[in-house]
Amino acid sequence: MPVRSRTAVAVAAAAGVALPALYGAAVGAMVRYNARRLGEGDLEPQLRAYADDVRFVFPGRSSWAGEFRGKREVEKWLRRFVDVGLKIEFDDVLVSGAPWATRLCLRFHNYCEDEKGEIVYTNEGTIYGHARWGRLTHYVVFEDTQRGEEFDTYLASVGK
């Protein structure tokens with residue numbers, strides 16, 4: 001095999017290894033940035049990450065549960081998330097697939113503090129989703145639903 005051909009094969013192999021890792025790192029950075037901005041009350045970066053017809057499923061019996069279709073329905077849910085003071089942090093972001101068929105698995109913990117800075121709610125879970133060309137098309141949140149119901153009780157006790 002000529003030197004040029006071997007070099008081309010080596011470059012292609014290196015790109016094949018490096019590009020998925022770079023794509024995964026970029027998606028992870030975006031996920032964490034959006035969560036940070038959400039914690040600051042800015043929904044726009046997260047909303048830009050949704051397809052117009054996004055489908056979001058939050059299982060359980062709490063007031064948070066439901067299936068939400070479309071960016072506007074999900075926006076209402078996110079607005080409530082921000083308004084009650086919830087914060088989310090991602091511990092692990094796993095990305096698989098190409099930009100046109102991306103799968104995400106996100107390990108997270110979330111919490112809420114009262115006016116005194118005391119933590120009144122904590123939970124942890126996993127989000128599994130699909131994205132296409134940088135837009136989330138479908139995702140499901142799996143967390144301890146009992147804690148969600150207990151958080152509802154707390155929110156009712158403080159009039160939220």
Side-chain angles (χ1 to χ4, degrees), residues 9 11-113 119 121-152 154-155 160:
V9 169
V11 168
V17 170
L19 290 179
L22 291 173
Y23 177 63
V27 171
M30 183 190 74
V31 164
R32 288 182 173 93
Y33 172 81
N34 291 354
R36 192 169 48 257
R37 295 300 300 267
L38 195 63
E40 297 166 357
D42 183 3
L43 278 65
E44 286 310 311
Q46 187 61 41
L47 291 173
R48 280 194 303 269
Y50 291 138
D52 289 337
D53 61 346
V54 63
R55 186 170 145 247
F56 164 44
V57 179
F58 195 100
R61 293 185 307 232
S62 74
S63 66
W64 299 91
E67 183 171 328
F68 307 91
R69 293 181 176 269
K71 195 182 280 194
R72 296 299 145 221
E73 277 191 31
V74 177
E75 180 179 8
K76 291 177 195 172
W77 192 96
L78 285 174
R79 172 58 53 203
R80 181 176 180 222
F81 184 94
V82 167
D83 288 348
V84 301
L86 278 164
K87 309 278 192 226
I88 188 166
E89 295 179 10
F90 291 96
D91 307 310
D92 205 1
V93 177
L94 305 174
V95 180
S96 179
W100 55 89
T102 305
R103 292 179 314 277
L104 303 139
C105 187
L106 314 169
R107 183 80 179 131
F108 71 89
H109 66 276
N110 58 8
Y111 61 95
C112 184
E113 298 174 340
I119 295 179
Y121 168 77
T122 63
N123 211 335
E124 61 182 287
T126 302
I127 298 171
Y128 181 77
H130 295 241
R132 188 173 44 253
W133 296 115
R135 301 281 188 255
L136 204 53
T137 59
H138 173 251
Y139 67 110
V140 182
V141 174
F142 300 98
E143 66 175 28
D144 185 337
T145 57
Q146 179 62 41
R147 286 188 182 185
E149 291 177 50
E150 291 166 1
F151 188 48
D152 279 345
Y154 166 79
L155 290 173
K160 289 188 179 182

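- You'll find the side chain of W64 stays beyond 4.5 Å of the side chain of V141, heavy atoms only.
- Nearest heavy atom pair, residue N34 against residue A49, reads ND2-CB, 3.8 Å.
- Relative ring orientation between Y139 and F56 is described as parallel, the plane-to-plane angle staying below 30° on a 0-90° scale split at 30° and 60°.
- Using a 4.0 Å cut-off between charged side-chain N and carboxylate O, R72 and E75 make a salt bridge.
- The environment of R80 atom CZ is dense: over 12 non-hydrogen atoms of other residues, nucleotides or ligands sit within 6.0 angstrom.
- A donor-acceptor distance shorter than 3.5 angstrom exists from the side chain of R147 to the backbone of T122, with no hydrogens or angles considered.
- Nearest approach of Y111 to E89, heavy atoms of both residues: OH-OE2, 3.4 Å.
- Heavy atoms only, all atoms of each residue included: V82 and L38 are closest at CG2-O, 3.5 Å.
- Put simply, CD1 on I127 and CD1 on I88 are 4.5 Å apart, with the number rounded to the nearest 0.5 Å.
- Between F142 and the options T145, D144, V140, a side chain to side chain contact (heavy atoms under 4.5 Å, CB included) holds for only V140.
- F108 approaches T126 most closely through the heavy-atom pair CE2-N, 3.3 Å.
- Between M30 atom CE and R48 atom CZ the span is 10.5 Å, to the nearest 0.5 Å.
- Using a 4.5 Å cut-off on side-chain heavy atoms (C-beta onward), L104 and L136 make contact.
- In this pair, Y128 and H130 present their aromatic rings perpendicular. The plane angle is above 60°, beyond the 30 to 60° band.
- Note that CZ of R103 is 14.0 Å distant from NE2 of H138, once rounded to the nearest 0.5 Å.
- One N or O on the side chain of D152 and one on the backbone of S63 form a donor-acceptor pair closer than 3.5 Å.
- R132 approaches T137 most closely through the heavy-atom pair NH2-CG2, 3.7 Å.
- Residues Y121 and E143 approach most closely at OH-OE2, 3.2 Å, considering heavy atoms.
- Side-chain contact between R55 and E67 is present, with at least one heavy-atom pair separated by less than 4.5 Å.
- One distance of note links CZ of F151 with NZ of K160; it measures 7.5 Å at 0.5 Å rounding.
- Looking at heavy atoms from C-beta onward, L47 lies in side-chain contact with K71 at the 4.5 angstrom threshold.
- In this structure, CG on L78 lies 4.5 Å from OH on Y50, to the nearest 0.5 angstrom.
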**Q.** Step-by-step salt bridge (charged side-chain N to carboxylate O under 4.0 Å, His left out) determination, E73 to K76
**A.** CA-CA 5 Å; E73 277 191 31; K76 291 177 195 172; over 6 Å; no
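- In this structure, NZ in K87 is found 7.5 Å from CD in E113, a value given to the nearest 0.5 Å.
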Q) Passes salt bridge (charged side-chain N to carboxylate O under 4.0 Å, His left out), R107 versus D92? Steps please. A) CA-CA 5 Å; R107 183 80 179 131; D92 205 1; over 6 Å; no
